[in-house]
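Everything below concerns the one structure shown next.
What you see below is based on every heavy atom in this structure, not just the backbone, and it leaves out hydrogens, waters and symmetry mates. First the proteins, then the strands, lettered A, B, ... as listed; each starts at 1.
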Amino acid sequence: MKKLRKILALILAMLMTLLISACGTNGNEEPSQVADPTPGVSQGVVEADPDAFERQTAADSLTVGVMWELGSFDMAQNNNWCARVMVYEGLFYIDQTTSEMHNLLCDTYDFVDDTHLHIKLRDDAYFSDGSPVTSEDALWSWQRMVGTSENNTVSFINFEEFEIINDKEFILAMNAPYAAVINVLAGPTFYITSKNMENYTADDYWDKPIGSGPFLVTENVSGSHVSFELNPNYWNSELMPEFSTCTIKLYGDASSMMIDYETGALDGVTNIDGTDVTRVLNGDVKNTSYMLDPQRDVYYIALPEYMEVFDDIRVREALACAIDYDAVAAAALGVMGSKATGPLGDGVMYQKTYDGVRYDPDYARDLLAQAGVTDLELTVYYEATSIYTTMITMVQAYWDEIGVTLNMESGDMSTIREYLINCATDICIYNNGGNYCLDPNQNLSFNAANSMNGCIRLTDEELNEYLSTGASSYDSAVREEAYGKAQDWMVASYRQLYLANSYQMNVYRPYIEKFVGGTYRTTYFRFVDFAD
Amino acid sequence: MAKYILKRVLMVIPVLLGVVLLVFTICEFTPGDPVYSIVGTNVSEEVYEAKKAELGLDKPFLVRYVNYVVGIVTEFDFGVSYGTGRNVGTELLERLPKTFKLGLCSILLSVIIGIPLGVLAATKHNSLRDRTIAAGSLVFASIPDFWNGIILMLFFALYLGWLPATGTDSWKGYILPVISLGLPPVASLTRMTRSSMLETVRQDYIRTARAKGIPEGTVIKRHALRNSLIPVMTTVGALMGSTVAGSVVVETLFGIPGIGTLLRNAITTRDYPLMQGGVLMLAVWISLVNLLVDVLYAVVDPRIRAVYSSGKTRKKKEAQPQGKVEEHGEN
């Protein structure tokens with residue numbers, strides 16, 4: 001019997017080893033092509049041979065995977081962006097490759113004065129139901145979107161009034177000069193939708209949107225996928241997509257999405273998991289192209305103004321110097337990030353890069369001693385994502401070395417948001433995600449004196465003057481100088497300790513010439529180009 | 001019997017009211033403001049208050065609770081999702097069939113495999129077969145469903161290419177998630193059936209049956225198995241509830257748009273109407289399963305039937321053995 005038990009145990013152990021080894025990559029295999037994992041906008045191809053690779057998905061179609069729960073096509077809801085950009089269009093759009101701004105539904109525009117923008121719509125633009133795009137539609141869209149969700153609120157905070165001149169012309173009035181206005185209007189937060197949806201119910205918005213974009217919704221299955229077909233009467237022949245049907249499949253798990261990609265069920269996926277990024281860079285995912293590009297996010301720790309202990313800059317500098325930023329970025333993000341270079345992420349306009357704070361725990365201890373701070377104990381409430389958890393755990397260890405105790409309490413974003421707003425956390429860890437606009441106004445406005453987020457609010461008059469000048473001047477040189485000074489102030493003040501910039505990787509099959517990505521955050525699948 | 005079922009059905013009503021009250025109360029005291037989840041943190045006080053009023057969250061807790069219950073009872077209205085603006089009932093009805101299909105198939109799989117395996121193990125107690133089955137069930141009971149799900153996906157979808165990794169467009173799409181979700185219940189049922197059978201086969205009446213020369217197969221099937229099924233039924237009932245309610249991980253992994261993933265998203269965004277509706281639906285399901293199990297108890301166990309039999313019937317039954325005794329006595 002003992003012998004039998006041993007045999008059984010051996011068989012079980014072998015089975016377990018086999019199963020576990022199946023989960024990992026083959027470490028002994030020589031990578032076919034090791035790409036340069038330097039973060040930044042980098043592209044590469046792993047054994048791309050279009051002739052050798054048999055396409056599994058239907059021809060003339062695009063099937064992509066995203067890690068989101070999409071929702072309604074109602075612009076008053078704050079979701080579904082990557083699906084909405086298939087059916088709706090804005091006044092302008094930004095080329096993802098060149099970052100150049102182009103007119104879309106806007107024919108011409110001019111500033112009447114610093115606070116009034118005159119826009120003329122194109123005469124040949126039509127909605128999918130055949131009705132022309134008019135000023136009334138623009139007004140209705142604006143009224144429906146303004147103040148209804150976070151991104152819309154941030155975008156429209158300076159918009160005051162909408163005045164219709166005629167069917168094709170209108171004036172947007174702002175409460176103050178707003179330099180980012182064109183940039184904001186290019187984003188999906190201001191898409192012009194048909195007023196014929198005025199009496200729509202929530203169910204109508206679900207799968208019967210009327211937009212001027214190149215696609216029509218054929219199916220929107222909650223939690224599963226959204227399918228589109230080409231709008232046969234799309235008005236803009238120059239921007240006609242290269243495929244006639246598209247399916248956006250929704251995933252809750254990144255590894256499942258990647259397996260579907262590897263089996264050929266998907267033509268491309270966005271924002272793959274860090275483990276899979278390493279596999280792609282090591283050449284373990286065959287016949288694939290990839291793009292690693294900035295997310296324009298900067299992860300940082302904020303030392304709030306309401307904490308008296310942080311009034312002394314020596315304390316702030318000490319906490320800054322106690323952290324090894326390279327190690328934090330590497331541990332939390334791997335090849336998906338790098339040590340932060342300043343308050344703005346890569347790709348954001350007027351970004352300045354800084355050398356960063358020197359890691360010097362001895363100097364940090366001296367500074368704390370000079371400030372007379374001993375036995376400092378802080379509590380942080382943070383969102384329990386793996387990135388935040390890794391970062392804050394490492395910061396806890398670094399601060400422990402200089403005698404600062406950091407207690408960690410985690411929760412989901414809804415919970416943590418209340419701690420931030422109510423100033424109930426001693427420090428916070430955050431990221432200033434760049435929303436849908438390349439303009440620094442979008443990132444930095446979260447830190448301004450009027451921010452509702454008390455933990456990251458900076459009320460310093462000098463800084464707010466810079467931010468205000470940057471936001472309101474239409475002169476690019478003035479803006480560059482103002483935002484430059486704002487960044488200098490933020491770095492020198494040690495109010496925010498910039499930990500890491502993050503990147504994302506999109507992968508796609510070699511028969512796709514240009515996938516989504518680049519400098520713009522929204523995934524514009526309509527602009528995907530196939531190889532000839 | 002009818003009285004028993006009626007009593008069980010009536011007991012479901014306070015249970016559901018209690019569930020609604022509990023979920024409502026938990027939502028009220030859970031940190032996280034749904035208004036901020038929708039409008040974000042960078043909004044003015046006016047925008048915040050307007051959105052709060054629009055969602056009806058400016059009303060007192062009791063008013064909202066009563067309105068909610070009245071809405072469900074009178075109009076079967078579960079409210080409107082904060083996230084999509086759609087009717088919660090519509091959202092749930094779109095997702096529930098997938099979850100039920102997945103959960104029920106998993107339970108069916110576990111019953112078909114688990115009970116026979118348990119019987120096989122118990123009938124050869126301490127044999128190699130028994131030990132192998134016991135060890136196997138212990139292993140599978142210990143493996144979490146997401147892990148075996150990933151392994152199944154890697155082998156059958158990626159390496160072999162036999163089955164789709166995700167999606168439920170065809171019946172093939174259900175195979176891997178059903179196995180993944182069903183393996184731990186198979187192990188539980190095997191272990192439960194085995195232990196229950198072992199207890200039963202040691203009873204005097206089984207020994208008597210064997211002594212009377214009844215074939216072993218008949219003894220096992222007719223006498224031992226039937227009597228062993230009561231605790232097994234309890235386990236199946238509990239598994240039916242927990243498998244459906246706990247399928248969120250498998251649904252997420254295999255990209256199944258079921259109620260689990262819907263509830264997960266509702267919780268993270270503090271979509272209270274969706275949370276309440278989803279939990280209520282699951283509570284109804286679990287109550288119905290328990291009701292079914294209770295009814296089956298009565299079918300299988302004559303002692304329960306006897307308790308709820310009418311007085312007249314009971315008297316009649318009580319009278320019968322006495323008469324028989326008298327007859328025997330006369331003989």
T90(B) OG1 to W206(A) CH2 distance, which is reported to the nearest 0.5 Å: 10.5 Å
Derivation and outcome, side chain to side chain contact (heavy atoms under 4.5 Å, CB included), residues D203(A) and R86(B): CA-CA 6 Å; D203(A) 285 333; R86(B) 299 173 82 203; 3.1 Å; yes
Enclosure of K101(B) NZ (heavy-atom neighbours >12, cutoff 6.0 Å): no
Residue T269(B) versus chain A: region with a heavy atom under 4.5 Å: backbone
Under 4.5 Å from a heavy atom of chain B, the part of E262(A) involved: both
Pairs of heavy atoms under 4.5 Å with chain A: top-ranked of L262(B), L158(B), T30(B): L158(B)
Flag for T268(B)-D412(A): side-chain donor and acceptor within less than 3.5 Å: no
Minimum side-chain heavy-atom gap E94(B)-V221(A) below 4.5 Å: no
Separation between CZ of R95(B) and OG of S222(A), rounded to the nearest 0.5 Å: 3.5 Å
Exercise: do T415(A) and R270(B) side chains pair donor with acceptor under 3.5 Å: yes
T261(B) versus chain A, the contacting section by heavy-atom distance below 4.5 Å: neither
Reported CD1-to-CG distance for the pair I421(A) and D33(B), which is rounded to 0.5 angstrom: 7.5 Å
D271(B) CG to S414(A) OG distance, which is reported to the nearest 0.5 Å: 10.5 Å
Flag if over 12 foreign heavy atoms under 6.0 Å of CZ, F140(B): no
M153(B) to S256(A) - nearest heavy-atom pair and separation: CE-OG, 3.8 Å
Non-hydrogen atoms of D253(A) and L253(B) that approach each other most closely: OD2-CD1, 3.4 Å
Toward chain A, the part of E251(B) with a non-hydrogen atom under 4.5 Å: neither
Spatial distance of atom CZ (F254(B)) from atom CD1 (I259(A)) [nearest 0.5 Å]: 8.5 Å
Closest non-hydrogen atom pair, P257(B) against S224(A): CG-CB, 3.5 Å
Contacting region of N265(B) [heavy-atom separation from chain A under 4.5 Å]: side chain
